[in-house]
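What follows is a short report on a single structure.
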Amino acid sequence: MRLSMLWATLRLMSRIPVPEKWADGVEFRQLARGVPWFVPIGALIGGLAALVALVVSQTGGGMYVGAVAYVLALVLLTGGFHLDGLADTCDGIFSARSRERMLEIMKDSRLGTFGGLALVFSILIKVSAVIGLAHLPASQWFTLLICAPVAGRAALVLGMYGQRYAREGEGMGSLYIGQVSVRETAITLLGGAIAVGLIGGLHALAALLVSYVAIAGLVRYLRRRLGGQTGDTLGALAESAEMVFLLALLWV
């Protein structure tokens, strides 16, 4: 895997400053080849957000402010990239309209009622789950928080491999959906499991497997409702995987 592909993928999936020249030679249509880099990118984003949470919580902020700081850091580091997809997907899916109308609603840049509720509950669920884990030793809490974005990015490949693009024409999602090979899928899923296992231990690995199963089911549901996947549904999958992972940590 070329290092330039890492920088190109990082530029797409985050707001972390990356010099444009570092991604030289990577064409826009080649970005699907960068899927195996999702895991290290998730670890970087998770590491930075977890560090913010740890510093805030250990310097007087406490677990509540630390949890809010963690979720806010994730939003700032990604520019709300995946949250936008979650909101659009919920606006479309819960409109209870025809497939064509749902896709039209998802393309509308305006935020609807269901999209707004999805954003509120996504943030509440993450903050609550992080607070729920705060009884753990600080070092373990820190490592588990690193793993959540890894789970979110690794699970994304389930919405890409073997799927069809639900819209006519091309869009950001069409660069990835149906364009990922078996090898790239296996590397990403296995790489996510290895990374989460090494960073967070068996507890985190069990939560990751729950996330994989949940996202595989959500992929099937979205394909049945929309006839395929879109860039918005990929964002929804990433956010859902993070939420499921954090919640699973409370029970497994």
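Computed from a predicted structure; not experimentally measured.
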Exercise for the section: Verify the neighbour count for atom CZ of Arg220: are there more than 12 heavy atoms of other residues, nucleotides or ligands below 6.0 Å? Expected result: no

Problem - Value rounded to 0.5 Å, distance of CG in Leu218 from CZ in Arg223 - result: 11.5 Å

Problem - Whether Asp91 side chain and Met106 backbone form a donor-acceptor pair below 3.5 Å - result: no

Problem - Smallest separation among heavy atoms of Ala155 and Ile215, with atom names - result: O-CG2, 3.9 Å

Practice task
Report the residues that fulfil ring pair (Phe, Tyr, Trp, His ring centres under 6.0 Å) with Tyr161, sequence neighbours left out, ordered by chain and then residue number.
Solution key: none

Practice task
Work out which heavy atom in Ala166 is nearest to a heavy atom in Leu103; give both atom names and the distance.
Solution key: O-CD1, 3.7 Å

Practice task
Ignoring hydrogens and angles, tell me if any N or O in the side chain of His82 forms a donor-acceptor pair with the backbone of Ala236 under 3.5 Å.
Solution key: no

Problem - Same apolar cluster: Val52 and Leu54, side chain cutoff 4.5 Å - result: no

Practice task
List the steps, then state whether side chain to side chain contact (heavy atoms under 4.5 Å, CB included) holds for Val39 with Arg153.
Solution key: CA-CA 6 Å; Val39 170; Arg153 275 71 188 169; over 6 Å; no

Please output the side-chain donor-acceptor pairs of residues 117-133 that fall under 3.5 Å, not counting sequence neighbours, one pair per line with the distance.
unit_1 : atom_1 : unit_2 : atom_2 : d
Lys126 : NZ     : Glu239 : OE1    : 2.6
Lys126 : NZ     : Glu242 : OE1    : 2.7
Ser128 : OG     : Leu124 : O      : 2.8

Handout entry: Hydrophobic cluster membership, Leu77 vs Val56, 4.5 Å side-chain cutoff
Key = no

Practice task
May I ask whether Leu145 and Leu44 are part of the same hydrophobic cluster, defined by side-chain heavy atoms of I, L, V, M, F, W, Y residues being less than 4.5 angstrom apart, directly or through others?
Solution key: yes

Practice task
Ignoring hydrogens and angles, tell me if any N or O in the side chain of Ser211 forms a donor-acceptor pair with the backbone of Phe245 under 3.5 Å.
Solution key: yes

Fill in the blank from the handout: For Met102 and Gly92, the nearest pair of non-hydrogen atoms, with its separation, is CG-O, 3.0 Å

Exercise for the section: Would you check if the side chain of Thr233 reaches a backbone N or O of Gln229 as a donor-acceptor pair within less than 3.5 Å? Expected result: no

Sequence neighbours left out, cut at 3.5 Å: what donor-acceptor pairs do the side chains of residues 11-20 make with other protein atoms?
unit_1 : atom_1 : unit_2 : atom_2 : d
Arg11  : NH1    : Val18  : O      : 2.9
Ser14  : OG     : Leu10  : O      : 2.8
Ser14  : OG     : Ile16  : N      : 3.2

Problem - Value rounded to 0.5 Å, distance of CG in Leu205 from SG in Cys147 - result: 9.5 Å

Handout entry: Nearest non-hydrogen partners of Ala151 and Ala241, listed with the distance
Key = O-CB, 3.9 Å

Practice task
Could you tell me whether a side-chain N or O of Asp88 sits under 3.5 Å from a main-chain N or O of Asp232, the two making a donor and an acceptor?
Solution key: no

Practice task
Calculate, to the nearest 0.5 Å, the distance between atoms CG and CD belonging to Leu175 and Glu27 respectively.
Solution key: 12.0 Å

Completion exercise
Between Val26 and Ala8 the two heavy atoms that sit nearest each other are CG1-CB, 3.8 Å

Handout entry: Inter-residue atom distance His203.NE2 - Leu208.CG, 0.5 Å rounding
Key = 12.0 Å

Exercise for the section: State yes or no: do Val196 and Val35 share one hydrophobic cluster built from I, L, V, M, F, W and Y residues joined by side-chain heavy-atom distances below 4.5 Å, directly or via other members? Expected result: yes

Problem - Pairwise side-chain contact, Tyr64 with Ser57, heavy-atom cut-off 4.5 Å (strictly under) - result: no

Practice task
For Asp24 and Ser4, run side chain to side chain contact (heavy atoms under 4.5 Å, CB included): C-alpha distance rounded to whole Å, both residues' side-chain angles, the deciding distance at 0.1 Å, then the answer.
Solution key: CA-CA 7 Å; Asp24 281 352; Ser4 58; over 6 Å; no

Exercise for the section: Could you walk me through whether Leu6 and Leu3 pass the side chain to side chain contact (heavy atoms under 4.5 Å, CB included) test, one step at a time? Expected result: CA-CA 5 Å; Leu6 166 63; Leu3 199 57; 3.7 Å; yes

Completion exercise
Note: with side-chain heavy atoms under 4.5 Å as the link, the other cluster members for Val213 come out as none

Practice task
Check the hydrophobic clustering (I, L, V, M, F, W, Y; side-chain heavy atoms under 4.5 Å; chains of links allowed) and say if Leu158 and Val210 are grouped together.
Solution key: no

Problem - Non-hydrogen atoms of Tyr70 and Ala53 that approach each other most closely - result: CB-CB, 3.6 Å

Completion exercise
In this structure, CZ of Arg164 is separated from CG of Leu226 (nearest 0.5 Å) by 10.5 Å

Handout entry: Atom OH of Tyr221 with >12 non-hydrogen neighbours under 6.0 angstrom
Key = yes

Problem - Set of residues satisfying side chain to side chain contact (heavy atoms under 4.5 Å, CB included) with respect to Ile146, sequence neighbours excluded - result: Ala50, Phe142, Ile199

Practice task
Considering only NZ, NE, NH1 and NH2 on the basic side and carboxylate oxygens on the acidic side, decide whether Arg101 and Glu104 come within less than 4.0 Å.
Solution key: yes

Problem - CD1-CG distance between Ile177 and Leu234, expressed to the nearest 0.5 angstrom - result: 4.5 Å

Practice task
Step by step, work out the side chain to side chain contact (heavy atoms under 4.5 Å, CB included) result for Met160 and Gln179.
Solution key: CA-CA 7 Å; Met160 298 174 181; Gln179 306 300 317; over 6 Å; no

Problem - Check: Thr9 and Phe38 side chains under 4.5 Å, non-hydrogen atoms - result: yes

Sequence neighbours left out, cut at 3.5 Å: what donor-acceptor pairs do the side chains of residues 185-195 make with other protein atoms?
unit_1 : atom_1 : unit_2 : atom_2 : d
Thr185 : OG1    : Ser181 : O      : 2.8
Thr188 : OG1    : Glu184 : O      : 2.7

Practice task
Give a yes or no answer on whether the side chain of Arg99 reaches the backbone of Arg225 with a donor-acceptor pair at less than 3.5 Å.
Solution key: no

